[in-house]
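Single-structure report; data block below.
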Amino acid sequence: MVKSYLRYEQAAVFGVIVSVDSNITYDSSGKHLLAPALEKVGVWHVRQGVCTKTLIPAVPTKGHSLSVTSIASSHTSLVASGYADGSIRIWDSDKGTCETTLNGHKGAVTALRYNKLGSMLASGGKDNDIILWDVVGETGLYRLRGHRDQVTDLVFLDSGKKLVSSSKDKFLRVWDLDTQHCMQTISGHHSEVWSIDSDPEERYLVTGSADPELRFYTIKHDMEDGQSISNVSGTEIVNGGDPPTQNKWEVLKLFGEVRRQSKDRVATVRFNKSGNLLACQVAGKTVDVFHVLDEAESKRKAKRRLHRKKEKKSAKGAPEVMENGDTNRGAGEDGSSLVVTVPDVFKLLQTIRASKKICSISFCPNTPKSSLATIALSLNNNLLEFYSVESNTTTKTHAVELQGHRSDVRSVTLSSDNSLLMSTSHNAVKIWNPSTGSCLRTIDSGYGLCSFIFPNSKYALVGTKGGTMEIIDIGSGTSVEVVEAHGGSVRSIAAIPNENGFVTGSADHDVKFWEYQFKQKSAQDSKQLMVSNVRTMKMNDDVLVVAVSPDAKYILVALLDCTVKVFFLDSLKLFLSLYGHKLPVLCMDISSDGDLIVTGSADKNMKIWGLDFGDCHKSIFAHADSVMGVQFVRNTHYMFSVGKDRLVKYWDADKFELLLTLEGHHADVWCLAISNRGDFIVTGSHDRSIRRWDRTEEPFFIEEEKEKRLEELFESDLDNAFENRYAPNEEIPEEGAVALAGKKSKETITATDSIIDALDIAEVELKRIAEHEEEKSRGKVAEFQPNIVLLGLSPSDYVLRAVSNVQTNDLEQTLLALSFSDALKLLSYSKDWILHPDKVELICRVVTLLVRTHYNQLHSTPAARPVLGALTEIHPRVKECKDIIGYNLAAMEHIKQVKASKSGALFQDAKSKLQEIRAQHSKRLETKTDLREENGRKRRRKNKNSSDVHVRLFDK
């Protein structure tokens with residue numbers, strides 16, 4: 001009988017607050033922050049500091065887990081997330097469900113941006129392409145090609161009619177989305193452009209690069225009558241003078257530059273929702289916040305600047321004024337001409353300094369009463385910080401930090417009853433509930449390399465890089481005592497079975513034996529754990545790992561010289577020396593029955609030894625990099641191994657067979673721990689995540705798994721060969737070229753096959769129906785038995801069902817793969833499909849795509865004319881549906897007006913009212929300020945004149 005095993009699957013991921021590969025963003029309400037956490041997106045409640053939802057892709061991807069590389073939120077509850085494989089998922093953040101998956105990019109998605117209505121999504125990727133997506137129709141519209149390097153950022157302009165893109169090729173491109181072509185290419189940057197953004201009123205566009213300055217551009221808008229205007233004066237003459245001649249295609253015009261304080265490259269530039277603040281985040285620890293003045297304030301500032309300039313020049317004397325010309329003098333005197341520059345509009349307000357390198361920033365869409373804005377920062381040490389920006393200072397309001405380690409997880413240990421999990425890092429120890437993933441305690445500590453929880457689960461021990469042992473009280477979450485144990489880092493701790501003792505191994509060449517007991521220091525105090533050194537064994541080299549056999553008869557010591565020494569535990573005499581590894585042994589374990597030893601080494605191999613004679617049963621090439629941890633499942637000869645190749649592997653040590661490969665981690669896996677019953681394992685990684693893998697009830701067989709692995713390897717080789725063979729190397733895109741949005745994938749090929757199968761089955765069924773009708777006409781009456789494969793549907797409905805099952809995003813590529821004969825068959829069914837009113841949109845799309853694709857062949861094929869003639873029947877049906885929708889829209893508009901007239905309140909957003917009131921209030925304040933300044937200037941002139949008279953009289 002073939003032996004079966006039970007499958008292990010990933011059940012929980014915790015410990016990651018925010019990862020470094022993607023940006024953070026607020027949702028439309030401003031209450032939640034969307035933060036990337038490796039392959040998922042966490043929805044954090046900002047005030048409570050709790051992760052309320054987790055957006056995880058339902059279908060696991062083959063190969064390594066794909067990380068989130070970009071996030072964008074719309075003004076509704078929809079959120080888009082881009083992934084490293086080029087896919088984009090649209091989520092409903094309120095429900096926490098994935099609405100659709102869009103496949104188009106061949107590389108990682110690096111930029112996502114919604115238009116103002118939220119109906120269109122633009123995406124840019126490492127494949128240098130920009131794709132426009134219809135969010136409502138869940139389909140790709142077209143692909144824009146022109147950039148020669150990774151697209152870094154995107155911005156919609158002019159109510160979504162234009163799109164500006166930036167790239168690492170140092171160029172900005174302005175795309176006209178109506179005509180789908182590049183209408184302007186802007187050079188001038190000396191390095192890669194990393195981020196761009198425009199203010200809400202679309203007056204300015206700012207770009208950030210590795211250049212020492214920020215560049216600002218004024219935006220020209222198209223009017224309905226074909227005229228073009230600019231929302232801002234820029235460097236033009238404001239009051240009087242002839243307007244400058246402008247190029248028809250010049251949407252962006254250089255306004256000026258602002259020198260940056262930091263030498264690091266710009267990572268992100270973003271305006272807040274109201275447009276009065278601009279944040280510039282560099283690839284370092286600082287964020288510069290600029291105050292954006294409105295048009296009236298910037299003009300006043302320019303006037304003051306010119307006035308000061310005039311006063312300085314007049315103080316130096318008239319000849320100097322004449323040298324500099326009369327223009328500035330006139331501007332200062334009567335304000336007939338005025339030039340507004342970038343420093344008049346953008347003024348540095350504050351600089352936020354974080355403790356670690358900043359990865360991303362996001363402004364809260366809601367403006368608090370007490371401050372100008374709230375800004376969220378994601379740091380590269382798994383931390384979220386929130387700052388309140390005020391006119392005089394910036395204040396850190398709170399941070400999300402307890403739910404994860406600041407650096408990689410170096411060791412994980414389970415308690416004896418599997419109810420607690422302890423993880424160590426470079427500066428803290430965390431106690432977790434392994435079933436829920438919630439953090440119960442956080443204790444400051446040294447750099448923990450190994451750990452051990454005592455059998456009563458009240459105390460724990462941590463071995464540190466500094467050579468100390470820290471005793472942790474789990475209940476109170478405090479460090480009770482720090483014991484100076486070794487002169488070098490404590491590399492390993494092993495408990496002695498059935499005794500109150502444990503063994504430690506260190507880089508100082510010592511193996512120390514310890515005893516622990518619970519003592520009461522005084523009558524009032526409770527019992528405390530006390531440890532004492534009993535014996536010390538000196539070794540010839542650094543000790544990397546120690547292990548004690550289950551019967552407490554032997555102790556195994558792995559040394560830096562690549563050997564493993566086996567000693568008798570009582571006499572400490574040498575029993576065996578295990579040679580064979582070419583590099584040091586980094587981990588080892590002994591089976592529960594004491595028969596087998598497994599060692600994992602930096603030479604990527606795993607060796608299985610017999611403890612009775614020390615013979616090597618098998619040497620297995622286990623991982624593609626160093627093996628960091630091995631452990632047997634209790635009471636079995638099954639074992640798990642983890643390595644720097646990000647994989648967790650499940651083995652049978654009796655058959656020397658690989659059973660399962662568990663993929664999920666995004667970086668080196670440092671450690672693992674297995675529960676007593678073997679029902680789950682826990683792994684810790686350099687990606688700061690802790691993952692729990694549960695044993696399921698699903699059985700599997702070794703041969704089946706081998707076949708699966710071979711198939712996946714074969715498919716991946718096929719895909720790579722296809723791409724390498726047919727994709728042109730170093731292709732330089734045509735200037736402003738347009739292409740199809742989708743991409744060919746396994747899903748589209750499968751969908752094409754299903755449509756072809758449906759067409760074949762339907763054709764056979766139609767022949768059977770025709771034969772039955774012929775027999776019926778001859779008088780041979782027999783009951784017709786329809787094919788059960790059609791599920792009781794007519795042949796045309798069966799084909800329509802196959803077409804409807806194709807994902808909206810994949811429909812284009814699916815139909816492109818059909819041959820001309822199959823496309824003709826599909827078109828012949830369209831006249832029957834129009835009877836379905838709910839499928840009219842789909843039918844129109846299918847017919848349009850097929851006619852466009854095969855236009856020349858349809859035009860030159862006589863057999864296709866009847867099919868094309870039948871297509872004319874679709875138009876009246878489409879018009880009828882359009883009329884119904886239009887009638888319903890008009891009816892709803894009428895009901896809206898009736899309700900508004902009855903209630904006396906118009907259907908308008910309360911926010912727009914509030915903005916109008918604020919605008920009127922600010923205008924009044926500006927008028928008052930202008931009057932005060934004018935009065936102040938008059939007083940100063942009067943005082944100056946009177947002082948001049950006094951001086952003259954005194955001179956006389």
For the pair Y447 and H426, name the ring-plane relationship: parallel under 30°, tilted 30 to 60°, perpendicular over 60°. perpendicular
The residue among E401, H405, K430 that forms side-chain hydrogen bond (donor to acceptor under 3.5 Å, both in side chains) with T442 is K430
According to the interplanar angle, ranging from 0 to 90°, do the rings of Y8 and Y650 count as parallel (below 30°), tilted (30 to 60°) or perpendicular (above 60°)? perpendicular
I'd like to know if the side chain of S685 pairs up with that of S689 as donor and acceptor (distance under 3.5 Å, no hydrogens or angles considered). no
State which residues pass side-chain contact (heavy atoms from CB on, under 4.5 Å) with L574; sequence neighbours excluded, sorted by chain then number. K565, F567, S577
For the residue pair V18 and V400, establish whether any side-chain heavy-atom pair is separated by less than 4.5 Å. no
K604/D625 salt bridge by N-O under 4.0 Å criterion: no
D615 atom CG, over 12 foreign heavy atoms within 6.0 Å: yes
Have D593 and H637 got a donor and an acceptor in their side chains that come within less than 3.5 Å? yes
D85 side chain to S87 side chain, donor-acceptor N/O pair below 3.5 angstrom: yes
Any chance you could lay out the side-chain hydrogen bond (donor to acceptor under 3.5 Å, both in side chains) test for D21 and S19, step after step, and finish with the verdict? CA-CA 6 Å; D21 295 328; S19 53; 5.3 Å; no
Contact summary for V557 and M588, nearest pair of heavy atoms: N-CE, 3.9 Å
Give a yes or no on whether the backbone of W693 and the side-chain of R695 come within a donor-acceptor separation of less than 3.5 Å. no
For the pair E705 and K708, find out whether any cationic side-chain nitrogen is under 4.0 Å from an anionic carboxylate oxygen. yes
Can you find a heavy atom in the side chain of I471 that is under 4.5 Å from one in the side chain of Q528? no
Salt bridge (Lys or Arg N to Asp or Glu O under 4.0 Å) between D510 and K538, worked out: CA-CA 5 Å; D510 285 350; K538 197 77 178 172; 3.1 Å; yes
Heavy atoms of V41 and S81 approach each other most closely as CG2-CB, 4.1 Å
List the atom of S416, the atom of P455, and the distance in Å for their closest heavy-atom pair. OG-O, 3.0 Å
Minimum-distance pair of heavy atoms, taken over all atoms of V409 and S423: CG1-CB, 3.9 Å
Do F518 and N456 come within less than 4.5 Å of each other through their side chains, counting heavy atoms only? yes
For N540, does the CG atom sit with more than 12 other heavy atoms under 6.0 Å from it, leaving out its own atoms? no
Just say parallel, tilted or perpendicular for the rings of F575 and Y554, cut-offs at 30° and 60°. parallel
Donor on one side chain, acceptor on other, K512 and T536, under 3.5 Å: no
Evaluation steps, side chain to side chain contact (heavy atoms under 4.5 Å, CB included), between T563 and D541: CA-CA 10 Å; T563 63; D541 213 333; over 6 Å; no
In terms of heavy-atom contacts, D668 and K644 come closest through OD1-O, 3.2 Å
With salt bridge (Lys or Arg N to Asp or Glu O under 4.0 Å) as the criterion, how do R677 and D679 come out once you've worked through the C-alpha distance, each side chain's angles and the decisive distance to 0.1 Å? CA-CA 5 Å; R677 296 187 299 276; D679 53 344; 3.2 Å; yes
NE2 (H686) with more than 12 external heavy atoms under 6.0 Å: no
Regarding S67 and H666, do their side chains bring together a donor and an acceptor under 3.5 Å, going by distance alone? no
Please assess L572 against F513 for the test side chain to side chain contact (heavy atoms under 4.5 Å, CB included), listing each intermediate value before the final yes or no. CA-CA 11 Å; L572 299 184; F513 297 81; 3.5 Å; yes
Spatial distance of atom CG (L672) from atom CD1 (I690) [nearest 0.5 Å]: 13.0 Å
For F454, which of W514, Y459, Y516 qualifies under ring pair (Phe, Tyr, Trp, His ring centres under 6.0 Å)? Y516
Verify the distance criterion only: is there a donor paired with an acceptor across the side chains of D595 and S591 at less than 3.5 Å? no
Determine whether E704 and V2 make a side-chain contact, defined as any pair of heavy atoms from C-beta on separated by less than 4.5 Å. no
Heavy atoms from other residues, nucleotides or ligands near CZ of F621 exceed 12 (cutoff 6.0 Å): yes
Between N418 and F680, is any pair of side-chain heavy atoms under 4.5 Å apart? yes
Examine the side chains of T424 and S451 and answer whether a donor and an acceptor come within less than 3.5 Å of each other. no
Side-chain contact, heavy-atom cut-off 4.5 Å: S479 with D444? no
Can you name the side-chain contact (heavy atoms from CB on, under 4.5 Å) partners of S619, sequence neighbours left out? N605, K607
Give the minimum heavy-atom separation between S411 and L449, together with the two atoms involved. CB-O, 3.7 Å
Close side-chain approach of Y5 to I702, heavy-atom, < 4.5 Å: yes
Side-chain heavy atoms of I56 within contact of V13, under 4.5 Å: no
With E657 as reference, evaluate K618, K706, K3, K649 under the salt bridge (Lys or Arg N to Asp or Glu O under 4.0 Å) test and give the passing residue. K706
